[in-house]
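Here is the structure we will look at, set down as structure tokens.
Numbering of ligands and ligand atoms starts at 1, following listing order. Treat the numbers as computed from the prediction; the structure is a model and nothing was measured.
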Amino acid sequence: RTPIRLDSTEDGDSGNWPRQNSLSLKEWDIPYDDLHLLESIGKGRFGTVHRALWHGDVAVKLLKEDYLDDEHMLEAFKLEVANFKKTRHENLVLFMGACMNPPHLAIVTSLCKGNTLYTYIHARRDKFTINRTTLVAQQISQGMGYLHARGIHHKDLRTKNIFLENGKVIITDFGLFSSTKLLYCEMGLGVPNGWLCYLAPELMRALMPVKPTEEILPFSKASDVYSFGTVWYELLCGEFPFKSQPPESVIWQVGRGMKQTLANLQTSRDVKDILMLCWSFQADDRPDFAKLLSLLERLPKKRLARSPSHPVQLSRSAES
Ligand code: ATP
């Protein structure tokens, strides 16, 4: 097995990059033996994530060995690295490098120390005030707006891929191997829990019952905005849209343009309007993240009732 090359023609870039740029790509190569792998943090579709030491704490996503001989997966891996190296934003996980020598293919990023929004909302059942919800949504929009400006679609924006670290949003897993082929087994399409509700109608309609030969889902900036709508809904309601409904029913409803009812959602019109805009059936009707940021900024802030730390004694003697 030969090391994966990442030059300007192979890494998914437009090819307009200056030649010296391809030379500097070597700087992202991390020898696998330099990493000191510690405990596993979790498993995803593509491999295992470990905490590791490499000039401090890092997260290492190791690609599953089964994929090493799969041309498509190697392409996807290269593309992920190529996408990652273009990103520098305070609301995006920091890409630190990659191990490019099979059989050890890995992505090294900063280690997120907080919890994911999923953990706060669905596991801890924390309630987010509207002010906090708005702040979180603004940071997500900033990170996502940046990604889109760099020509990267997230393709898997969901609360499991958004960390909150001391009030700061960190988005992970962007532009990843979101290959839909991986969701298929002999039985047909296997839908991961809590995944469908982030899929825009045009993606739902493109799902097929049998394993496709190539990528079938038309991910776009607008489909990321639809996913953001679902994150906004989870922050507001503390649950997933179409909760407890079977996948077939969700695919049918969303594919035909039906939306989760907001009848029980106790919040202002403006807040619901943002949700409805993001969930627009037609991709072109969805706002971009710059527009979303301005809508979020315009939301009225809820004034917090403050109890004075030094209550003023307004007795007759003090007044006189
Ligand atoms: P899927 O593969 O379907 O996207 P997933 O998002 O759970 O599922 P991974 O992205 O591989 O899978 O992540 C596995 C685990 O590692 C998750 O619990 C995730 O929160 C954690 N994780 C991923 N990246 C980091 C990071 N940079 N810092 C800390 N934990 C991380």
N or O pair under 3.5 Å between T116 and ligand 1: no

Atoms in ligand 1 flagged as close to D156, the criterion being non-hydrogen separation under 4.0 Å: 4 (O)

Close side-chain approach of M144 and L292, heavy atoms under 4.5 Å: no

Ligand 1 atoms in contact with G44 (distance to a heavy atom under 4.0 Å): 2 (O), 8 (O), 11 (O), 12 (O)

Among Y118, F95, F163, closest by any non-hydrogen atom to atom 19 (C) of ligand 1: F163

Side chain, backbone, both or neither: T48 near ligand 1, heavy atoms under 4.0 Å: neither

Enumerated ligand 1 atoms positioned under 4.0 Å from heavy atoms of N161: 6 (O)

Subset of ligand 1 atoms that lie under 4.0 Å from at least one heavy atom of D173: 4 (O), 6 (O), 10 (O)

Shortest reach to atom 9 (P) of ligand 1 by a heavy atom, considering only R51, R158, H50, K61: K61

Donor-acceptor contact below 3.5 Å, side chain R158 vs main chain Y198: no

Within-4.5 Å side-chain heavy-atom neighbours: D224 and F219: no

Side chain, backbone, both or neither: the part of A59 lying under 4.0 Å from ligand 1 by heavy atom: side chain

Enclosure of K291 NZ (heavy-atom neighbours >12, cutoff 6.0 Å): no

Closest heavy-atom pair and its distance - V250, M204: CG1-CE, 4.1 Å

Sub-6.0 Å ring centroid separation between W279 and Y233: yes

Any N/O pair C112/ligand 1 closer than 3.5 Å: yes

T172 N/O to ligand 1 N/O under 3.5 Å: no

Side chain to side chain, V60 and W54, heavy atoms closer than 4.5 Å: no

Interfacing atoms of ligand 1 (cut-off 4.0 Å, heavy-atom, T109): 27 (N)

Those atoms of ligand 1 less than 4.0 Å from some heavy atom in L111: 28 (N), 29 (C)

Pair K61 + D173: basic N to acidic O under 4.0 Å: yes

Basic-acidic side-chain contact under 4.0 Å: R51, E39: yes

